[in-house]
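First the proteins, then the strands, lettered A, B, ... as listed; each starts at 1. These numbers were taken from a predicted model, which means no experiment stands behind them.
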Amino acid sequence: MTAETMPTKLVGQAIKRREDPQLITGQGSFLDDIKLPGMTHACVLRSPYAHAKIKSIDTSKAKAHPGVVAVFTGEDMLDLNPLPCAWQAGRVKNNVNTPRVLAVGEVHFVGDPVALVIAEDRYIARDACDLIEVEYEPLPVVVDAKKATEPGAPQLHENAPNNIVMEWEAGDKAKADAAIAAAEVVVREQIINQRLIPTPMETRGSIARYEPATGEFTLWTTSQAPHVMRLVLTAFVFGIPETKLRVISPNVGGGFGQKIFCYNDMAFTMWAARKIGRPVKFVEDRSENYKYSTHGRDHITDVELAGNRDGTITGLRVTTYANLGAYLSTIAPGIPTTLYGRIITGAYRIPAAYVKVYGVYTNTAMVDAYRGAGRPEASYLIERMVDRFAAEIGMDPAEVRRKNFIPPDAFPYDNGLGLLPYDSGNYEAALNKALEIVGYAEFRKQQEEARKQGKYLGIGISSYVEICGVAPSKWIGLPGEGWGAGLWESANVRVHLTGKVVVTTGSLPHGQGVETTFAQIVADELGVPYDDVVIEHSDTAGTPFGYGTYGSRSLAVGGMAVYRSVAKIKEKAKKIAAHMLEANPDDMVYENGRVYVKGSPDRFKTLAEIALQASVAYDLPEGMEPFLDETTYYDPPNCTFPFGTHIAIVEVDPDTGIVDLKRYVAVDDCGNVINPMIVDGQIHGGIAQGIAQALYERAVYDENGQLVTGTLMDYAVPAAHMLPPFETARTVTPSPVNPLGVKGAGEAGTIASAQAVMNAVIDALSPFGVKHMQMPATPENVWKAIRAAQAAS
Amino acid sequence: MIPAPFQYYAAKTVNEAIGLLQQHGEDAKLLAGGHSLLPALKLRLAQPAVLIDISRVSELKGITSNGDRLVIGAGSTYYEIARNEAVRAGCPVLAECVGQIGDIQVRNRGTIGGSLAHADPAADPPAVALALGATINVMGPNGARSIAADNMFVGMLTTALSSDEVITSVTFPILGKGEGAAYAKLRHPASRYAIVGVAAYVKFDNGTVSACRIGVTGAGSVAVRQPAAEAALVGTSGDDAAIAAAANAAGDGIDYLGDIHASAEYRQAMVKVFTRRALTEAVRRARG
């Protein structure tokens with residue numbers, strides 16, 4: 001861009017991502033690109049059984065294999081504590097079972113790590129794993145969360161009778177019971193939100209180096225939260241001073257939540273590096289990522305929605321069995337509770353609602369946050385049931401939504417489920433815009449015509465609301481929702497002697513464009529060229545503590561920390577400029593990178609001049625510290641609540657059950673937009689993942705606990721040609737929670753989309769009498785739903 | 001996802017490959033495009049001691065047309081076949097079939113010979129080979145021989161090939177006036193193999209169907225012909241009713257597979273649906 005075409009304001013502009021040139025030219029440095037002198041390679045032997053006692057492990061042949069450096073078992077690492085569960089939400093008390101770094105005595109899912117081989121290269125390490133002899137005594141297996149709670153079910157952990165992690169509830173049971181008893185209409189369903197595997201393009205891994213002279217570790221790991229990993233690994237797993245570990249996240253190839261958590265390889269690479277005196281690298285292959293790294297969703301829910309024939313929804317009662325896997329992952333209990341149960345009524349004013357959630361152990365991989373984390377499950381449930389209710393009373397589903405939306409004048413709105421008040425919203429505006437784009441009335445006519453010709457078109461509406469920027473700490477933390485820490489975010493902003501601006505943040509990008517977005521804000525607020533702003537992140541050495549990037553929080557929380565630090569810089573700059581100009585500090589105006597005396601814009605100092613003055617520091621106001629350097633720890637007063645309406649149009653082939661997704665319209669409201677291109681990108685990717693859940697993806701364990709969908713040959717991640725073009729638009733309802741008016745957009749697409757597609761599929765199938773079917777709507781599932789409905793009628 | 005150790009030979013000629021096969025016997029596997037073998041190696045489902053790479057054997061390359069036949073080198077990639085002018089003009093169903101296998105990376109590596117030799121129950125090419133009456137030309141220690149497609153596919157991942165034989169080429173007919181063929185497929189969403197794939201060939205003489213061949217893949221443990229459906233169409237006018245009747249007769253003689261993507265019951269129903277679709281298109285093309 002030339003100086004003339006460069007917009008004066010960058011916020012709101014589709015600036016190309018500064019992260020991309022490096023990444024798209026293959027010059028990024030991902031974990032597996034890192035090679036250290038003397039580095040060894042780790043391979044993990046994993047349990048082939050879903051539940052078994054380990055009778056014996058013989059590592060002698062593996063140890064003797066040429067090129068093997070060492071072989072360890074769980075017994076060797078008893079000095080390490082189990083990995084912690086940091087979010088013991090829902091009154092989890094004496095039944096916490098978290099994974100050990102390597103299993104000791106018993107394995108609880110296929111993929112549970114049993115032994116570790118360290119070798120000169122990865123191939124030798126893998127070959128040596130085959131030489132370890134383990135004697136197992138298989139035990140009974142349960143993989144289904146509801147069955148796991150039934151009498152006689154196999155038991156995973158002695159301290160968790162009936163495999164129950166927690167029984168959590170929200171809302172008013174008596175009111176909900178009464179509303180359902182009194183209602184004109186009650187619709188009931190069992191709704192399954194199937195297990196998914198996040199499948200980041202880059203799998204996970206760790207490299208650890210130990211310096212014996214200082215006792216310091218460096219850990220490179222594929223993490224969305226390096227500061228938290230540093231804290232957890234030192235204070236909880238190793239019991240060493242936090243200062244003895246530096247954690248670096250290199251370029252990270254997608255996270256989707258799976259890379260938030262503390263994993264055993266972070267600990268065993270550190271432990272083994274110290275033991276053998278050489279760096280240790282571990283990188284998962286895809287099969288290991290599928291077996292061991294966290295999965296998402298996996299709810300079985302019985303739901304009843306009550307209402308009147310005029311379309312008013314009067315009550316909602318929900319019982320959910322949330323499968324948390326064999327052990328508790330880092331924040332697992334928080335997902336089906338705070339982030340699901342508390343927003344179960346969605347965008348609607350429902351006077352009586354109650355939700356009960358059972359967290360359950362099963363012989364499967366751990367389940368934790370996956371893009372959307374609880375909100376997709378909640379939104380799917382309520383949006384599916386609103387359609388189900390509309391069909392039952394013969395009312396247009398758009399009309400039922402309109403009738404029950406929380407109106408714009410009701411904000412801040414308390415939904416009665418223990419959430420902080422919804423900040424702002426105009427749900428009907430987003431619905432109307434989406435209906436207009438899709439041509440709703442016209443489509444209904446086409447649909448009717450098509451049915452006469454034996455073609456089955458369907459339309460599905462999803463009006464979602466979600467929770468971003470989860471905070472404040474006093475609500476989410478231990479006394480409140482049980483998260484074992486705060487959820488504030490930090491940023492340091494420095495203006496160097498040359499006028500260049502260096503920002504260090506606890507947030508970090510792995511696809512979100514944090515560097516670009518933050519630089520746009522800083523450049524605008526300070527009035528400096530965009531290229532003069534550098535954003536540093538991802539290394540615990542040199543950045544202030546931050547909780548990391550997930551939960552669509554980096555802009556609404558991390559971005560606000562940057563904004564506040566910039567504001568402090570401007571205040572200090574005004575004082576220095578006043579001193580330089582011999583003016584009253586109260587009369588100074590900061591504008592476009594200059595500070596001038598009010599009423600005399602020609603009497604000014606540029607930020608660069610002020611920064612130089614602050615740096616050389618021989619003439620500053622009395623008592624002022626040198627340098628423009630400000631840090632903020634920002635703890636927001638509330639979460640933000642993005643919303644919108646997505647609409648899908650499908651055609652279903654009744655002979656085969658094939659669903660053709662013909663159109664997809666998304667109207668999202670994430671408050672003010674800093675970079676529309678980045679928001680669109682986030683929405684696109686999110687929609688793809690939600691459509692994937694509706695039509696393609698499901699993780700399947702067989703009754704023996706074997707992961708049937710253990711490779712990409714069976715787990716159907718969609719390719720571009722399996723998705724339609726997305727038609728995106730926005731409404732803008734700024735958040736009152738923060739001065740930028742931003743809400744967050746990282747997960748909205750995923751939260752909104754699965755139910756838009758499923759509502760469309762079920763709408764298309766309504767002539768056959770289909771009222772509900774479970775995801776994914778694969779050809780066979782659709783074909784069977786048609787035949788089952790025909791048989792029933 | 002790291003294979004067990006193996007010895008690797010890069011053969012330069014077919015005879016060299018045969019010699020290596022004789023030398024190493026059951027321990028050896030031929031490696032062509034590798035798109036079936038390498039995933040099995042990486043998961044250690046297959047652990048051959050010896051790999052004989054035939055991807056650089058020039059005798060296995062090339063596509064020639066000699067009047068009424070296309071001779072396709074076994075080492076031809078799907079991409080090469082799908083883009084070949086003689087194939088597109090003379091046997092378009094073959095180009096269409098291999099042109100939709102997997103994705104562009106797979107089509108750039110995978111070979112027709114490799115697919116037929118591996119006989120994956122869900123691979124696409126066996127269905128077309130059966131429907132078109134292709135001939136598989138092989139070379140072994142005792143010289144060359146030809147195997148009719150009908151005799152090639154014996155069972156799950158099992159063919160009429162001996163362990164010391166190499167497929168050198170595959171002969172397909174060039175379709176003439178009154179002939180038409182089509183391939184219709186229900187695609188697996190992850191692997192993109194066929195959940196059910198049906199290739200159909202019809203020939204008209206004087207407005208009547210004089211020949212019909214149907215090959216089905218994906219549904220069962222091995223690709224098979226559908227004689228009852230074929231017989232039902234021969235002698236008819238090939239109209240919609242005749243096609244429907246023929247499709248309804250399809251589905252017998254298949255050892256149906258069932259998995260999380262499709263039950264045996266569903267596959268059986270889809271064999272009829274896709275037989276109807278393939279026949280409808282084949283008839284449309286035959287009528288020009």
Next on the checklist: Quick check: do A/Tyr263 and A/Glu284 have side-chain heavy atoms less than 4.5 Å from each other?
Outcome noted: no

Next on the checklist: Is B/Leu186 in contact with chain A via its backbone, its side chain, both, or neither, using a 4.5 Å heavy-atom distance?
Outcome noted: side chain

Checklist entry - What do the steps show when you test A/Asp655 against B/Arg276 for salt bridge (charged side-chain N to carboxylate O under 4.0 Å, His left out), and what is the final call? => result CA-CA 11 Å; A/Asp655 290 344; B/Arg276 176 161 50 82; 3.2 Å; yes

Item to check | Among the listed options B/Glu265, B/Lys272, B/Arg267, the residue most often paired with chain A at heavy-atom distances under 4.5 Å | outcome: B/Glu265

Checklist entry - Side chain, backbone, both or neither: which part of A/Arg787 has an atom under 4.5 Å from a heavy atom of chain B? => result neither

Checklist entry - For the side chain to side chain contact (heavy atoms under 4.5 Å, CB included) test, which of B/Val50, B/Asp53, B/Leu51 pairs with B/Tyr9? => result B/Val50

Checklist entry - Which of these, A/Gln693, A/Gln774, A/Arg297, sits in a side chain to side chain donor-acceptor pair (under 3.5 Å) with A/Gln194? => result A/Gln693

Item to check | Region of B/Leu43 in contact with chain A, defined by heavy-atom distances below 4.5 Å | outcome: side chain

Checklist entry - Where does A/Pro779 contact chain B at under 4.5 Å (heavy atoms): side chain, backbone, both or neither? => result both

Next on the checklist: Taking side chain as everything from C-beta outward and backbone as N, CA, C, O, which of these in B/Met1 sits under 4.5 Å from a heavy atom of chain A? Side chain, backbone, both or neither.
Outcome noted: both

Next on the checklist: Heavy-atom pairs under 4.5 Å with chain B - which of A/Arg286, A/Glu697, A/Arg122, A/Glu288 has more of them than the others?
Outcome noted: A/Arg122

Next on the checklist: At a 4.5 Å cut-off on heavy atoms, which part of A/Asp130 comes close to chain B: side chain, backbone, both, or neither?
Outcome noted: side chain

Checklist entry - Given that the side chain runs from C-beta out, which part of A/Thr656 has a heavy atom under 4.5 Å from chain B: side chain, backbone, both or neither? => result both

Next on the checklist: Using 30° and 60° as the class boundaries, would you call the ring planes of A/Phe768 and A/Tyr456 parallel, tilted or perpendicular?
Outcome noted: tilted

Item to check | B/Pro3 portion near chain A, given a 4.5 angstrom heavy-atom threshold | outcome: backbone

Next on the checklist: Taking side chain as everything from C-beta outward and backbone as N, CA, C, O, which of these in A/Tyr715 sits under 4.5 Å from a heavy atom of chain B? Side chain, backbone, both or neither.
Outcome noted: backbone

Item to check | Within 45° cone and under 6.0 Å: A/Arg46 NZ/CZ vs A/Tyr292 ring | outcome: yes

Checklist entry - Is NZ or CZ of B/Arg277 both nearer than 6.0 Å to the six-membered ring centre of B/Phe274 and within 45° of the ring axis? => result yes

Checklist entry - With a cut-off of under 6.0 Å to the ring centre and 45° to the axis, is B/Arg213 in cation-pi contact with B/Tyr201? => result yes

Checklist entry - Side chain, backbone, both or neither: which part of A/Leu695 has a heavy atom under 4.5 Å from chain B? => result neither

